[in-house]
Amino acid sequence: MAILVNDETRFLIQGITGREGSHFTQQMISYGTAIVAGVTPEKGGGWLHGVPIFDNVRTAVAATGADTSLVFVNPAAAADAIYEAIDEKMRLIVCVTSGIPIRDALRLRAYLASRPATRLIGPSSPGLLVPGRANAGITPLFLGTPGKVGIVSRSASLAYEVMAMMNEVDIGQSTFVGIGGDAVIGTSLADILMLFEDDTETHVVLLIGEIGGSGEQDAAEVMRDVITKPIVAYIAGESARPGVRMGHAGALVTSPGTEAGAKIDALMFAGARIARSLDAIIPLLLEAHGRAS
Amino acid sequence: MRLNDSKAMALFAAHGIQVGADSIPSNSAYTLGFIFDDTRGAIIAHAGLLANEGNIRETIDPLIGMHAYQARALASALDLPSTVWARFSAFCLHLYALYTQLDAVILTVTLLAITEENGIIAYGGSIEIDDDALWRQPSFAAAHTPSSHASDLTIVPGGLPFSPFDGTVALICNGAGMMMASADCLSTHQLKPVTAIEIDGEPSLTRLRAAFNQAQPGADAILVSLFCERFSAHSVVDHLIVLAAELPSDTILFTRLAGIDAPPARARLIAVGIPCVSTLSAAAIGLRELVKRIPEVEDKSKEREKD
């Protein structure tokens with residue numbers, strides 16, 4: 001089985017009537033994703049794309065049995081939407097919204113720490129893709145074929161690019177998880193590595209990291225201690241200047257250890273095969289994939 | 001958004017913090033502040049003697065805020081006399097309230113003096129406000145102008161976000177990761193970006209023209225690197241052909257298009273004389289070859305490297 005979602009997962013969309021929420025709900029439904037409910041306060045009772053709309057998560061869960069929330073709510077209201085989903089004991093919350101203030105994200109993460117039954121992916125996540133089974137987020141529909149490589153990435157655009165390259169050489173994916181490019185996120189690279197380790201469908205893992213924070217070093221530590229599956233890693237931002245933010249809120253070299261070189265070293269010493277460019281990923285994946293098969 | 005010394009001091013004063021304007025007392029001087037530590041994903045209170053690089057740190061629970069005992073721990077570690085602990089503690093809590101109220105990621109009193117009468121006076125400070133929180137800080141949002149602070153992803157009014165470099169090639173990409181990967185690839189092939197411009201969303205003619213305008217006049221060459229996901233590569237080609245005709249004759253345009261309908265789109269660009277490839281490495285190598293063939297650009301690049 002893939003990680004995080006399975007054939008029984010029932011999704012609800014918070015912010016379903018917004019521009020993005022509506023557009024991507026339609027896209028996800030066309031992929032076959034089980035969207036069972038939408039939530040927009042004060043718009044309960046309506047329908048959109050064949051999905052019933054509820055005023056709040058509680059009534060949506062009671063009526064439909066939804067257990068996973070995808071958050072498309074605007075940044076000013078997104079934290080509130082996530083608290084609502086946590087309090088209604090959603091198993092998984094994927095926050096696609098980007099631009100949530102750091103203070104809000106820190107408080108959310110602290111709140112979640114005492115509620116281990118709920119996992120948050122994101123904020124600023126492109127979501128999850130289990131090729132052929134579920135597209136829970138904003139990943140373009142033409143990407144992804146079923147296969148044995150698990151992908152975890154801080155960058156959506158690089159994951160898309162790599163998935164397109166993988167499709168050209170017939171390497172498929174078990175699950176793609178975009179954890180988000182913000183400085184404070186709910187689920188780390190290391191967390192996803194652990195899930196892939198336990199997933200029988202995943203034989204090889206591709207980790208796409210970038211400058212900023214210490215998530216890659218934490219992943220390296222988990223690799224050394226727990227992970228037995230082959231890992232290919234690529235870190236973006238080697239040319240970044242210290243102190244210059246590179247697009248993502250979390251992509252910023254602030255202190256020693258947050259630069260690409262330190263992350264590459266940590267992952268390499270932990271046993272990852274390092275791709276020094278985007279184009280070098282495929283040969284390494286082919287090699288690891290061949291060995292794992 | 002960064003507030004410089006005078007603006008920070010004005011804010012301190014407006015929030016009841018005693019601010020010194022005259023000469024700095026010669027007795028003990030300290031630094032004190034709060035910072036979001038991205039490596040630990042936590043808010044850290046820090047304090048230190050100005051003359052000493054070592055800082056004392058306390059991690060703050062974002063749900064509860066700073067405890068008085070943590071402030072007293074800082075005072076004790078700074079060797080402040082116990083007679084000043086209560087006042088110092090109140091000062092710290094006041095400062096932390098300001099930190100959260102302003103949605104700051106950094107708030108530092110860069111020079112803090114404690115007078116012989118146990119007064120606590122700030123003589124310098126800086127504040128950096130979370131750009132993502134400006135929607136609830138309307139007084140700052142209105143005054144938000146392009147910043148010279150390096151840690152800002154600079155935004156030109158009405159323009160596109162970009163990250164500054166010091167080379168000669170302007171990068172136009174969709175997605176932050178792609179921007180970084182493209183800059184890395186150029187560097188690997190002895191080319192340096194001068195700027196990396198991020199087009200978020202559909203690269204319409206208007207957005208692409210804005211990006212081209214922002215790229216000049218600092219760039220000798222422009223590399224457009226796009227992964228066509230939710231938009232047609234053919235529409236991008238239409239726009240690029242229009243914009244190529246508007247470019248100065250001495251500016252090189254190189255393109256890289258990937259995505260589902262990219263192959264025929266690439267062929268269309270090549271047919272009208274605009275180089276277009278599918279991979280980043282091919283783009284960097286191709287662009288490098290073009291730059292080499294134009295001695296003026298090569299010379300300018302070398303001069304900049306010397307500088």
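First the proteins, then the strands, lettered A, B, ... as listed; each starts at 1.
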Carefully, step by step, assess D132(B) and I100(A) under the rule side chain to side chain contact (heavy atoms under 4.5 Å, CB included). CA-CA 6 Å; D132(B) 283 336; I100(A) 294 181; over 6 Å; no
If we ignore hydrogens and angles and just use 3.5 Å, is the side chain of [X] paired with the main-chain N or O of [Y] as donor and acceptor?
{"X": "S157(A)", "Y": "M178(B)", "result": "yes"}
{"X": "D38(B)", "Y": "A183(A)", "result": "no"}
{"X": "D184(B)", "Y": "G237(A)", "result": "yes"}
{"X": "R241(A)", "Y": "S163(B)", "result": "no"}

Side chain, backbone, both or neither of [X] within contact of chain A (heavy atoms, under 4.5 Å):
{"X": "N174(B)", "result": "backbone"}
{"X": "A258(B)", "result": "side chain"}
{"X": "A42(B)", "result": "backbone"}
{"X": "S281(B)", "result": "both"}

Nearest 0.5 angstrom please: L191(B) CG to S239(A) OG, how far?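 Between atom CG of L191(B) and atom OG of S239(A) there are 11.5 Å.
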Region of [X] in contact with chain B, defined by heavy-atom distances below 4.5 Å:
{"X": "E238(A)", "result": "both"}
{"X": "I185(A)", "result": "neither"}
{"X": "L143(A)", "result": "side chain"}
{"X": "A156(A)", "result": "neither"}

By ring pair (Phe, Tyr, Trp, His ring centres under 6.0 Å) - contacts of Y83(A) (at least two apart): Y111(A)
Could you list which of residues 92-102 of chain B have a heavy atom closer than 4.5 Å to any heavy atom of chain A, in residue-number order?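 Within residues 92-102 of chain B, the residues under 4.5 Å from chain A are T100(B).
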Would one find more than 12 heavy atoms of other residues, nucleotides or ligands at under 6.0 Å from atom CE of M165(A)?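 Atom CE in M165(A) is packed in, count exceeds 12.
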Just do the side chain to side chain contact (heavy atoms under 4.5 Å, CB included) check on R103(A) and R136(B) with the steps written out, would you? CA-CA 12 Å; R103(A) 180 156 63 93; R136(B) 62 181 169 209; 3.9 Å; yes
Closest-packed option against chain B by number of heavy-atom pairs under 4.5 Å, given V184(A), I102(A), L278(A):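 Sorted descending by pairs with chain B, the first entry is I102(A).
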When you compare the side chain of P62(B) with that of R109(A), does any pair of heavy atoms fall below 4.5 Å?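 No, every pair of side-chain atoms sits at 4.5 Å or beyond.
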Salt bridge or not for D61(B) and R107(A), using N-O below 4.0 Å? no
Of all residues at least two apart in sequence or in a different chain, which pass the side-chain contact (heavy atoms from CB on, under 4.5 Å) check with A266(A)?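 Checked A266(A) against side-chain contact (heavy atoms from CB on, under 4.5 Å); matches are Q217(A), A220(A).
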My understanding is that only residues two or more places apart in sequence, or in another chain, count here; which of them pass salt bridge (Lys or Arg N to Asp or Glu O under 4.0 Å) with E216(A)? R154(A), K263(A)
